[in-house]
There are 4 protein chains.
Amino acid sequence: MPRTPEAYEKIRKQSSERLLTAALDLFIKKGYHSTSIEEVTKLAQVSKGLLYHYYQGKEGLLEAMIQMRIENLRAVMDGALTKRTPKEKLCHIAEGTLDNVFQNPELYRFYMNLQTQPHQDQVLAKYADILKKEFERNFEIQSRIFEMLGIQDPRKRSLLFSSTLNGIMLMICSYPDHFPIEEMKSQVIEEFCK
Amino acid sequence: MPRTPEAYEKIRKQSSERLLTAALDLFIKKGYHSTSIEEVTKLAQVSKGLLYHYYQGKEGLLEAMIQMRIENLRAVMDGALTKRTPKEKLCHIAEGTLDNVFQNPELYRFYMNLQTQPHQDQVLAKYADILKKEFERNFEIQSRIFEMLGIQDPRKRSLLFSSTLNGIMLMICSYPDHFPIEEMKSQVIEEFCK
Amino acid sequence: MPRTPEAYEKIRKQSSERLLTAALDLFIKKGYHSTSIEEVTKLAQVSKGLLYHYYQGKEGLLEAMIQMRIENLRAVMDGALTKRTPKEKLCHIAEGTLDNVFQNPELYRFYMNLQTQPHQDQVLAKYADILKKEFERNFEIQSRIFEMLGIQDPRKRSLLFSSTLNGIMLMICSYPDHFPIEEMKSQVIEEFCK
Amino acid sequence: MPRTPEAYEKIRKQSSERLLTAALDLFIKKGYHSTSIEEVTKLAQVSKGLLYHYYQGKEGLLEAMIQMRIENLRAVMDGALTKRTPKEKLCHIAEGTLDNVFQNPELYRFYMNLQTQPHQDQVLAKYADILKKEFERNFEIQSRIFEMLGIQDPRKRSLLFSSTLNGIMLMICSYPDHFPIEEMKSQVIEEFCK
DNA sequence: TATGAATGAGCGTTCATTCAT
DNA sequence: TATGAATGAACGCTCATTCAT
């Protein structure tokens with residue numbers, strides 16, 4: 001009884017997702033360089049060879065993770081753009097960004113680690129660059145929102161806003177327990193969105 | 001006839017510094033894991049074995065770098081404590097911190113990368129922890145300065161101050177060129193030290 | 001399409017045995033410390049990496065050899081226990097032990113070398129200890145056989161018996177050619193098993 | 001004030017003896033291969049370079065130790081030859097040999113380890129051979145003593161005697177505590193020297 | 001006589017990737 | 001689609017020995 005195409009598709013999806021989940025888990029816990037393919041496939045309960053069917057090796061797994069981060073960045077920005085007033089837009093950016101981090105600090109710690117990767121690391125720097133492009137794109141959009149708000153020097157203000165958000169993200173990742181997320185959020189919103 | 005102790009000391013200093021400089025250079029450029037001992041010793045123009053005379057292996061070099069960072073953190077804080085008024089103290093912290101980063105963004109990129117290292121990385125996490133301890137010590141001192149300023153919830157304010165500083169550091173490291181350092185500094189000082 | 005589990009099993013057995021045989025050969029000829037992994041894998045006609053698939057490094061190979069020695073010690077003692085009279089039991093121990101050594105003096109030279117390893121050798125001492133435990137276990141059994149024989153001080157006699165056997169083993173290992181094994185055996189049996 | 005030749009000689013002797021004592025100590029404790037020159041010179045409180053003035057490197061230290069063993073073997077045999085009757089001579093061999101071992105089991109453990117060294121170990125086998133020659137010389141003398149005693153097959157008896165002695169030595173080295181040295185000695189003397 | 005900085009070959013081990021099945 | 005045995009370059013590190021002083 002040959003499998004139906006749908007059954008194949010299901011199997012494919014299951015294996016590749018298990019692989020990605022395992023890689024995500026381990027990259028976050030141990031870091032990219034310190035995680036071996038062996039560990040990933042063992043955790044995913046899949047053979048080593050199969051990994052190379054679904055991904056372009058270890059780097060392919062990382063790329064898939066980056067793709068998730070980009071989608072997540074865009075979701076926040078897209079969400080902001082559906083809001084009516086500039087203030088609400090900024091509020092959404094601040095809240096969306098910080099809530100995401102707060103829900104999974106380890107994951108964001110990994111992303112921030114990637115962002116700060118040395119420029120010449122043969123593997124990671126490439127993905128740091130991809131993320132950087134995405135941030136720049138978002139920065140432009142955000143600056144225009146500040147402009148709409150009538151701020152004098154919208155790009156400078158936008159830069160401080162991003163810096164503050166980034167700084168809080170870093171703090172959440174460094175001290176995930178006991179971090180007074182709500183108080184920080186309200187201080188930021190008070191400062192930038194009022 | 002052996003050399004004089006002073007002559008030996010001079011030789012030792014020269015070699016160990018060459019080694020540390022080379023390691024610093026490469027760790028910053030390529031990252032710790034992606035830098036090999038061979039590269040370090042080649043850049044330092046020294047044999048592989050000699051590295052182990054002066055440092056406890058690759059990790060020893062990293063430790064020496066961390067020590068430099070700690071000394072630099074303490075220098076900023078000690079400098080702040082010599083100032084008279086709380087406002088001047090905070091100003092010194094903000095300026096000292098950001099100026100350091102601005103002068104050598106790549107180096108601080110490395111330190112921030114270290115800070116965001118996954119917790120289970122067998123080598124790096126250890127040094128991330130050491131730095132974290134140092135930050136916590138500084139945070140306490142800084143909170144007391146905010147207290148002296150008569151701020152209502154000094155720890156919360158201190159946390160936002162640190163977050164903002166950290167965020168700007170991250171931005172400087174990510175976009176070292178064209179970063180409007182002075183404008184950012186004045187915005188921060190306006191916000192927290194006035 | 002993957003191979004059948006049996007096919008994999010066969011491949012594994014072949015490679016791991018080739019590796020163990022090569023290691024045994026070289027450890028015996030050149031000693032543990034003086035044999036390199038490179039030599040072992042070259043003799044086994046296998047890549048360096050494969051060794052680590054099958055054994056826990058160099059030490060794992062040694063452990064496998066020790067396991068063989070332990071099994072061989074137990075076989076002699078188990079054989080002795082199937083004999084009816086105490087005299088026959090002792091005879092079996094003497095003959096079994098010495099015949100084994102005579103058949104492969106170089107191997108036993110290696111084991112005796114291991115036994116006399118300095119206590120602080122970081123690798124070998126551990127295995128010397130494991131063997132020691134096994135000898136002590138056998139000594140107890142052997143002492144009880146002497147007891148059954150009605151000897152006055154069975155433990156002392158058992159100790160001299162073991163000493164003599166060990167001494168002859170040492171001599172066989174040192175002078176494997178022309179060693180009058182049969183004459184020695186009969187002197188020992190005359191002395192202890194009559 | 002230049003040193004007198006005697007003073008020089010004293011310094012020489014002191015340094016070279018300190019070196020030998022340190023090497024002896026460490027070789028016994030950790031084994032030849034597992035002891036580094038660095039450790040030896042550190043323990044002897046002498047520079048690395050100086051070692052090479054007094055000895056032909058690491059191997060030279062080993063050679064000096066072997067020389068000590070040979071002198072000690074000869075002393076026992078020479079002592080035996082001063083005795084009047086063959087029985088007394090054999091007694092002296094047995095007692096002299098075993099007492100030496102009992103007084104410093106670790107040292108003899110090292111010598112026995114050397115004796116059982118694999119034949120192709122590039123360093124140690126050479127010294128195993130030197131010792132072997134010495135044993136053969138002693139064996140001839142000892143066999144003649146058994147001949148004088150009127151034993152039928154003196155060489156066979158001499159061989160068993162040596163074997164037994166060696167076996168007891170091995171036991172003492174393996175179980176230096178609680179070893180009933182006197183009982184063993186008397187059993188041997190009873191068996192061979194009466 | 002005496003020092004210890006310097007060397008570099010060699011070691012045991014890891015791991016991303018390939019490929020016959 | 002799926003397996004896991006096999007590879008080999010690269011790694012961090014050790015250490016006996018040399019040599020300028």
Side-chain angles (χ1 to χ4, degrees), chain A residues 3 7-8 11-12 15-16 33-42 46-54 56-59 123, chain B residues 1-5 7-12 14-16 33-41 46-59 123, chain C residues 1-5 7-12 14-16 33-41 45-60 123, chain D residues 3 7-8 11-12 15-16 33-42 46-54 56-59 123:
Chain A
R3 294 193 184 100
Y8 269 122
I11 290 171
R12 284 182 64 91
S15 287
S16 70
H33 286 304
S34 299
T35 298
S36 72
I37 287 290
E38 179 107 32
E39 288 172 302
V40 174
T41 53
K42 209 161 253 173
V46 140
S47 75
K48 259 195 267 193
L50 201 55
L51 190 150
Y52 289 84
H53 276 289
Y54 294 125
Q56 302 219 73
K58 201 178 172 181
E59 212 175 326
V123 176
Chain B
M1 212 79 62
R3 292 180 178 85
T4 64
Y8 278 130
E9 181 56 36
K10 200 178 148 195
I11 290 172
R12 271 210 304 276
Q14 205 181 61
S15 287
S16 66
H33 286 305
S34 300
T35 299
S36 74
I37 290 293
E38 179 113 29
E39 287 171 306
V40 174
T41 54
V46 135
S47 77
K48 245 197 278 190
L50 197 59
L51 191 152
Y52 296 87
H53 236 56
Y54 294 116
Y55 298 94
Q56 302 222 75
K58 198 178 175 181
E59 209 175 327
V123 176
Chain C
M1 211 78 60
R3 292 180 180 84
T4 63
Y8 278 129
E9 180 57 36
K10 202 179 148 194
I11 290 171
R12 271 210 304 277
Q14 206 182 62
S15 288
S16 67
H33 286 305
S34 300
T35 298
S36 74
I37 290 292
E38 179 114 29
E39 287 171 306
V40 174
T41 54
Q45 300 197 78
V46 137
S47 77
K48 249 200 274 191
L50 197 59
L51 192 152
Y52 295 85
H53 236 56
Y54 294 116
Y55 297 94
Q56 304 222 72
K58 200 179 175 182
E59 208 175 329
V123 176
Chain D
R3 293 194 186 99
Y8 270 124
I11 289 171
R12 285 181 62 90
S15 286
S16 70
H33 286 303
S34 299
T35 298
S36 71
I37 288 290
E38 179 106 32
E39 287 172 302
V40 175
T41 54
K42 208 160 253 173
V46 140
S47 77
K48 259 195 268 194
L50 201 55
L51 190 151
Y52 289 85
H53 276 291
Y54 293 125
Q56 304 220 71
K58 200 178 174 182
E59 211 175 326
V123 176

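Protein chains get the first letters and strands the later ones, always in sequence-line order, with residue 1 at the start of each.
Going from atom NZ of C:Lys58 over to atom P of E:dG10 covers 15 Å, rounded to whole Å. The distance from atom CD of D:Gln56 to atom C1' of F:dT18 is 15 Å, rounded to the nearest whole Å. As a whole-Å value, the separation of A:His33 NE2 from E:dT14 P is 18 Å. The interatomic distance linking A:Glu39 (CD) with E:dT14 (P) rounds to 12 Å, in whole Å. The distance from atom CD1 of C:Ile11 to atom C1' of F:dG4 is 9 Å, rounded to the nearest whole Å. Counting to the nearest Å, the C1' atom of F:dT17 and the CG atom of D:Leu50 are 15 Å from each other. The separation between D:His53 atom NE2 and E:dT1 atom P is 7 Å, rounded to whole Å. In this structure, NZ of A:Lys42 is placed 14 Å from C1' of E:dT14, rounded to the nearest angstrom.
Shown here for C:Tyr55 and C:Ser16, the closest heavy-atom pair between the two residues is OH-O, 2.8 Å. Nearest heavy-atom pair, B:Ile11 versus B:Tyr54, reported as atom, atom and distance to 0.1 Å: O-OH, 4.4 Å.
When each of A:Glu59 and B:Arg12 is assigned the nucleotide of DNA chain E with its nearest heavy atom, B:Arg12 is the one assigned upstream, toward the 5' end. Nucleotides of DNA chain E nearest to C:Leu51 and B:Tyr8 differ in position, and the one nearer the 5' end is that of B:Tyr8.
At the heavy-atom level, B:Thr35 lies under 4.0 Å from the strands shown only through sugar-phosphate atoms. Within the 4.0 angstrom heavy-atom criterion, base atoms lie near D:Ile37. Residue contacts shown for B:Tyr54 are limited to sugar-phosphate atoms, with no base heavy atom under 4.0 Å away. A:Gly49 comes within 4.0 angstrom of a base, heavy atoms only. Residue C:Ser15 is in sugar-phosphate contact alone, with no base atom involved, counting any heavy-atom pair closer than 4.0 Å across all strands shown.
Interatomic distance, B:Lys58 NZ to B:His33 NE2, rounded to the nearest 0.5 Å: 7.5 Å.
Residue B:Tyr52 places none of its side-chain N or O atoms closer than 4.0 Å to OP1 or OP2 of F:dT14.
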| task | Could you check B:Leu50 against B:His53 for side-chain contact (heavy atoms from CB on, under 4.5 Å), going step by step and ending with a plain yes or no? | result | CA-CA 5 Å; B:Leu50 197 59; B:His53 236 56; 4.0 Å; yes
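The backbone N or O of D:Arg12 lies less than 3.5 Å from no partner atom in the side chain of D:Ser15, so there is not a single donor-acceptor pair.
Listed candidates were E:dA6, E:dG12, E:dA2. Nearest to the side chain of D:Ser47 is E:dA2.
Side chain D:Lys48 to base E:dT3: no donor-acceptor pair is found below 3.5 Å.
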